[in-house]
Amino acid sequence: MIRAFAAIRPICNVLIWNRTAETAERLAKKLDRPDFRVGATTDLEGAVKGADIICTATASTAPLIRGAWLSPGAHVDCVGGYRPDMREVDDAVLSRARIFVDTRPGALSEAGDIMEPLEAGVITVEDIAADLYELARGERAGRRYHDQITLFKSVGVALEDLATATLAFERT
């Protein structure tokens, strides 16, 4: 994920947090590069408060990221949590963000980060601004203003896996 974001954004500094500090440190050392610095942190709240992009890739069943921590203009990329009982972000993240999903059927039936706030009345189905296909085709707008908080929730679809595999094969 770090390499993907760095390929399209001018990333200078990356912080990695993990429940196990040693795991975060190992990954940071592996990914550290001269063109952007990667370090480990044990301060998740502090890292999120200072971040422009927050990417979660966990199997957490309890929210890790709090909406109160998000800075104006932050983007939250939730790519873990692929079951209804998994949560990576709290309800406040969803209530503060313009929400995008990879697919509406997947988000509405598999993503606890979307399903639980829907069931609790924190958000409505109409609060999902667009899915990946609508964004890619230009049918729906992405971020509306520079300091808007955005969230992308992915549970994964076979087409994404096929596209990734095809690209990897073509590059080898």
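What you see is a predicted model, and the numbers here were worked out from it, not measured in a lab.
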Exercise. Please confirm whether the backbone N or O of Val155 pairs with a side-chain atom of Asp102, one donor and one acceptor, at under 3.5 Å?
Key: yes
Quiz prompt | side-chain hydrogen bond (donor to acceptor under 3.5 Å, both in side chains): pairs with one or both residues in residues 70-81, sequence neighbours excluded | solution = His75-Thr150
Quiz prompt | Which atom of Arg143 lies closest to which atom of Gly73, heavy atoms considered | solution = NH1-O, 3.1 Å
Quiz item: Residues in side-chain contact (heavy atoms from CB on, under 4.5 Å) with Leu31, at least two apart?
Solution: Ile2, Arg3, Ile16, Leu27, Val38
Quiz item: Got a sec, which residues hit side-chain hydrogen bond (donor to acceptor under 3.5 Å, both in side chains) with Arg104, two or more places apart in sequence or on another chain?
Solution: Glu134
Exercise. With sequence neighbours left out, write down each residue that passes side-chain hydrogen bond (donor to acceptor under 3.5 Å, both in side chains) with Arg137, or none if nothing qualifies.
Key: Glu139
Quiz item: At what distance, to the nearest 0.5 angstrom, does CZ of Phe152 lie from CD1 of Ile53?
Solution: 13.5 Å
Self-check item: Between CE on residue Met86 and OG on residue Ser60, distance to nearest 0.5 Å
Solution: 8.5 Å
Practice problem: Might you work through the side-chain contact (heavy atoms from CB on, under 4.5 Å) test for Thr103 and Leu132, ending with a clear yes or no? | Solution: CA-CA 7 Å; Thr103 67; Leu132 191 55; over 6 Å; no
Practice problem: List the atom of Asp113, the atom of Lys153, and the distance in Å for their closest heavy-atom pair. | Solution: OD2-NZ, 3.5 Å
Quiz prompt | Sidechain-backbone polar pair: Gln148 side chain, Arg144 backbone, donor-acceptor under 3.5 Å | solution = yes
Exercise. Give every residue pair that meets the side-chain hydrogen bond (donor to acceptor under 3.5 Å, both in side chains) criterion with at least one member in residues 91-101, sequence neighbours excluded.
Key: Arg87-Asp91
Practice problem: Mind listing the closest non-hydrogen atom pair of Cys78 and Glu88 along with its distance? | Solution: CB-OE1, 3.7 Å
Quiz prompt | Ala40 to Ala28 - nearest heavy-atom pair and separation | solution = N-CB, 3.8 Å
Practice problem: Kindly indicate, with the supporting measurements, whether the criterion side-chain contact (heavy atoms from CB on, under 4.5 Å) is fulfilled by Phe5 and Val14. | Solution: CA-CA 10 Å; Phe5 278 115; Val14 175; over 6 Å; no
Exercise. Using the test side-chain contact (heavy atoms from CB on, under 4.5 Å), find all partners of Asp85 that sit at least two apart in sequence or belong to another chain.
Key: Thr61, Arg83
Self-check item: For Asp43, all residues meeting side-chain hydrogen bond (donor to acceptor under 3.5 Å, both in side chains), sequence neighbours excluded
Solution: none
Quiz prompt | Residue pairs, two or more places apart or on separate chains, that pass salt bridge (Lys or Arg N to Asp or Glu O under 4.0 Å) and touch residues 46-58 | solution = Glu45-Lys49
Exercise. Just grab all the side-chain hydrogen bond (donor to acceptor under 3.5 Å, both in side chains) pairs involving residues 121-131, residues at least two apart or on different chains.
Key: Thr124-Glu126, Thr124-Asp127
Quiz prompt | Heavy-atom pair with the smallest gap, counting every atom of Phe36 and Ile11 | solution = CB-O, 3.3 Å
Self-check item: Least distance between heavy atoms, Cys55 atom then Val79 atom
Solution: SG-CG2, 4.3 Å
Exercise. Go through the structure and list residues passing salt bridge (Lys or Arg N to Asp or Glu O under 4.0 Å) with Arg9, not counting sequence neighbours.
Key: none
Quiz item: Pairs in or reaching into residues 14-30: which pass salt bridge (Lys or Arg N to Asp or Glu O under 4.0 Å), with residues at least two apart or in two chains?
Solution: none
Quiz item: Got a sec, which hydrophobics cluster with Ile123, joining ILVMFWY side chains under 4.5 Å apart, including via others?
Solution: Trp17, Leu44, Val48, Ile54, Leu64, Ile65, Trp69, Leu70, Val76, Val89, Val93, Leu94, Ile99, Val101, Leu108, Ile114, Leu118, Val122, Val125, Ile128, Ile149, Leu151
